[in-house]
*Asks:* 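Could you have a look at this structure, given as structure tokens, before my questions?
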Amino acid sequence: MESYGPAQDWGYASDRAWLANPDGTISYCRRVGAGNQVLCDRFDGTTWTSSTSSPTDVGYPDTFG
């Protein structure tokens with residue numbers, strides 16, 4: 001994991017994804033911190049907004065290769 005802390009944490013290399021949202025925006029999401037949170041940056045064509053989930057079991061999809 002790279003440096004921790006919301007704008008500098010790029011997340012775990014195996015758990016990052018770009019998502020197309022139903023409203024036409026895009027999000028860059030990644031597993032961060034101790035691995036139990038998801039941080040998403042949403043772009044609406046003009047502005048970026050960030051949100052972080054509360055700590056939860058987000059799973060480890062990289063173990064199911």
Side-chain angles (χ1 to χ4, degrees):
M1 184 178 81
E2 298 177 25
S3 65
Y4 178 65
Q8 296 176 14
D9 190 344
W10 286 95
Y12 292 79
S14 59
D15 297 315
R16 300 177 191 157
W18 283 97
L19 305 171
N21 301 312
D23 63 0
T25 62
I26 58 168
S27 292
Y28 175 69
C29 297
R30 61 262 188 213
R31 188 167 51 99
V32 296
N36 63 348
Q37 291 180 281
V38 175
L39 171 61
C40 289
D41 295 319
R42 181 180 160 270
F43 186 64
D44 65 8
T46 305
T47 306
W48 286 94
T49 54
S50 295
S51 61
T52 304
S53 71
S54 56
T56 187
D57 183 359
V58 296
Y60 293 90
D62 50 336
T63 61
F64 298 107

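Nothing fancy with the numbering, it's 1 onward along the sequence.
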*Asks:* Could you check Val38, Leu39, Asn36 and say which one makes a side-chain contact (heavy atoms from CB on, under 4.5 Å) with Ser53?
*Replies:* Val38
*Asks:* Nearest 0.5 Å, please: how far is CZ in Arg30 from SG in Cys40?
*Replies:* 7.5 Å
*Asks:* Before you tell me yes or no, could you show the steps for Val32 and Arg16 under side chain to side chain contact (heavy atoms under 4.5 Å, CB included), namely the whole-Å CA-CA distance, both residues' side-chain angles and the distance that decides it to 0.1 Å?
*Replies:* CA-CA 10 Å; Val32 296; Arg16 300 177 191 157; over 6 Å; no
*Asks:* Nearest 0.5 angstrom please: Arg42 CZ to Leu19 CG, how far?
*Replies:* 12.5 Å
*Asks:* Checking side chain to side chain donor-acceptor pair (under 3.5 Å) for the pair Ser50/Asp41: CA distance, chi angles, key distance, verdict?
*Replies:* CA-CA 4 Å; Ser50 295; Asp41 295 319; 2.3 Å; yes
*Asks:* Same cluster or not: are Tyr28 and Ile26 linked, directly or through other Ile, Leu, Val, Met, Phe, Trp or Tyr residues, by side-chain heavy atoms under 4.5 angstrom apart?
*Replies:* yes
*Asks:* Checking Ser27 against Asn21: is there a side-chain donor and acceptor pair closer than 3.5 Å?
*Replies:* yes
